[in-house]
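Predicted, not measured: the structure shown is a model, and the values here were computed from it.
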Amino acid sequence: GTRVPKSWTPERYPNLVLMHAKKSTADPVAGLSFNLNKINCMMFTKIRTGMALDADQFASRGLDVMFERAAQETTKDYPYPVLPVHWMS
């Protein structure tokens with residue numbers, strides 16, 4: 001799509017999975033949040049281990065250890081994404 005920087009090539013980022021999807025129909029009156037879009041994205045991709053960042057977040061050195069931890073927490077018996085601590089707070 002046109003929103004992807006030209007520098008994000010498969011050669012530069014061979015393991016990058018970039019997904020564009022339509023927004024879910026969030027209804028502020030019913031108490032639904034746009035954060036459901038992130039959860040839908042995590043469930044839709046069906047990747048085994050990954051992370052989703054907001055536009056105002058960045059990945060820093062040492063973040064790779066979180067992939068191993070997420071893989072330990074997400075199993076066949078619990079196939080759901082690990083959510084941030086502040087989710088629903």
In residues 68-75, what donor-acceptor pairs under 3.5 Å come from side-chain atoms, sequence neighbours left out?
from	atom 1	to	atom 2	distance (Å)
Arg69	NH1	Gln72	OE1	2.7
Arg69	NH1	Glu73	OE2	3.4
Arg69	NH2	Glu73	OE2	2.6
Thr74	OG1	Ala70	O	3.1
Thr75	OG1	Asp77	N	3.3
Thr75	OG1	Tyr78	N	3.1

Sorted by chain and number, sequence neighbours left out, side chain to side chain contact (heavy atoms under 4.5 Å, CB included) with Arg12 holds for Ser7, Thr9
Under 6.0 Å from the CZ atom of Phe67, do we count more than 12 heavy atoms belonging to anything else shown? yes
Within one Ile-Leu-Val-Met-Phe-Trp-Tyr cluster: Val4 and Leu16, side-chain cutoff 4.5 Å: yes
